[in-house]
Amino acid sequence: MSSGRKRSEAAAHAQIDLARAAQQGDLQSLGLLLTIHYAGMYAVAYRILGNGADAEDVCQDAAITAMARLTDLRDPAAAGPWLKAIVRNNCIVRLRTRLPVPVGLPDDSALMACADDPAEIIERHATRDWIWDGLMGLTPALRDAAILRYFTRMNSYQEIARACGVPVGTVRSRLSEARRRLAEALPETVAGRHRDVGALTAERREEAIALLSSVPSATPQAFFGGRWSPYAEIIWPKGDRRIGLSSLFEAFASDYADGVRYRVTNVVAGPDITVWENQFVNPPEDPDHCPPAATWLLRESEGRIQSVRLFHAPRPARVCDSDHSG
């Protein structure tokens, strides 16, 4: 056997040992495994996306995905192809987010249909609470950007920048830093006890449905007295600011009277931030009364909602009649 072949086989065996050790929780082995395969992962991402910054983002996402799914690696010898497959799937998700997002999805499960995106992984592999604890350990700025990026439909850099009131470049840097910190923190907490985010999300979803899907007269302001500050700041899509809940209820009552209904499509909950997403169901006679959908950012302090910021999804572009003329 040639010396070159011997070295190749020795390297392959060493990578198998690293993969097995990583599966058993050895952090150094996991880091070495990702380092060894990073160039191949990046090459796949760059070939699909054609953009260096996006390729780096996808590879960092794939590293977090790999941590959550190490038990899925049945053949330690296939760690390289397995990591590249995660990158490839994440690239597909990234390409899909560049396209218009269809509205009218009936429930949360439909929002998580894309294979290997972070939200779907968390739900499918029962690691949701672990990942969420990691997210909650980030600074508010990093956490908010990561939640919007991975768990809502308002996930483009431009939309996150608008929601957070920062430049797009700042969003990129915050997401990069969030991924780096998660990659460091998650392996150290995998064996610990984690908060039941599922229960909190279910509770917040009921709250969203009570407010957005009920007849306005059936949800008086007193209903929210325990959870909502009477001086909560409401920030509307065009930047108008109001103090108190009256402007919310006036808007709900007006829409309801015009035949508009709200359908809750997604709820994301953390200890001091909740995100609601809803579809507007406009009346047939006025299909453009409201935009297709909305995203709500609810911020809490000491267990009470102190501010709400509302964002509307852009209306679909219309095709002018002249475009159809011969």
Side-chain angles (χ1 to χ4, degrees), residues 132 135-149 151-154 159-167 170-171 174 195-197 199-258 260-280 289-291 293-313:
W132 267 99
L135 283 173
M136 293 306 111
L138 300 175
T139 64
L142 300 183
R143 179 200 58 204
D144 291 359
I147 288 174
L148 291 171
R149 179 65 172 171
F151 298 95
T152 78
R153 289 183 294 177
M154 196 172 72
E159 289 172 316
I160 297 171
R162 185 162 58 95
C164 298
V166 298
T170 301
V171 172
R174 286 181 180 178
R195 289 166 286 193
D196 185 357
V197 177
L200 179 62
T201 298
E203 179 181 324
R204 297 293 184 259
R205 184 180 179 84
E206 289 182 4
E207 182 178 62
I209 291 173
L211 183 59
L212 299 180
S213 302
S214 304
V215 179
S217 60
T219 54
Q221 295 189 35
F223 179 85
F224 298 96
R227 279 269 301 139
W228 294 63
S229 167
Y231 307 106
E233 181 182 40
I234 313 299
I235 306 172
W236 294 94
K238 293 183 179 180
D240 300 335
R241 296 172 182 263
R242 298 288 185 272
I243 301 300
L245 304 180
S246 59
S247 63
L248 274 181
F249 284 90
E250 289 170 3
F252 296 152
S254 176
D255 283 345
Y256 194 90
D258 291 337
V260 177
R261 300 295 181 266
Y262 300 62
R263 179 180 299 163
V264 176
T265 56
N266 187 33
V267 174
V268 179
D272 55 6
I273 182 172
T274 301
V275 180
W276 295 348
E277 293 182 291
N278 74 274
Q279 175 195 2
F280 291 106
H289 188 284
C290 288
T295 300
W296 307 71
L297 270 63
L298 287 66
R299 300 185 185 278
E300 303 178 24
S301 177
E302 299 179 352
R304 304 191 83 184
I305 296 171
Q306 303 293 339
S307 71
V308 179
R309 187 161 189 172
L310 175 65
F311 300 91
H312 284 157

Mind checking the CG-CZ spacing from Leu138 to Arg174? Nearest 0.5 Å is all I need. 12.0 Å

CA sep, side-chain torsions, deciding dist, call: Trp236, Leu248, side chain to side chain contact (heavy atoms under 4.5 Å, CB included): CA-CA 9 Å; Trp236 294 94; Leu248 274 181; 3.8 Å; yes

Looking at the rings of Phe280 and His312, which for Trp means the six-membered one, are their centres under 6.0 Å apart? yes

Do the numbers put Arg261 on top of the ring of Tyr256, so that NZ or CZ is under 6.0 Å from the six-membered ring centre and no more than 45° off the axis? yes

Out of curiosity, Glu203 CD to Thr274 OG1, how far, rounded to the nearest 0.5 Å? 9.0 Å

Check: residues 293-300 side-chain donor-acceptor pairs under 3.5 Å, at least two apart:
from	atom 1	to	atom 2	distance (Å)
Trp296	NE1	Asn278	OD1	2.7
Arg299	NH1	Asp144	OD2	2.5
Arg299	NH2	Asp144	OD2	3.1
Glu300	OE1	Arg227	NH1	3.1
Glu300	OE2	Arg227	NH1	3.4
Glu300	OE2	Arg227	NH2	3.1

Are the side chains of Pro230 and Arg304 in contact, using a 4.5 Å heavy-atom criterion? yes

Nearest 0.5 Å please: distance from the CZ atom of Arg205 over to the CG atom of Leu212. 10.5 Å

To the nearest 0.5 Å, tell me how far Glu277 CD sits from Thr265 OG1. 5.5 Å

Heavy atoms, side chains only, cut-off 4.5 Å: are Leu148 and Cys164 in contact? yes

Taking Ser229 for the side chain and Gln306 for the main chain, is one N or O donor matched with an acceptor at less than 3.5 Å? no

Please round to the nearest 0.5 Å and tell me the distance separating atom CD of Glu159 and atom CZ of Phe311. 10.0 Å

Note: Cys290 and Val260 closest approach over all heavy atoms is SG-CG1, 3.9 Å

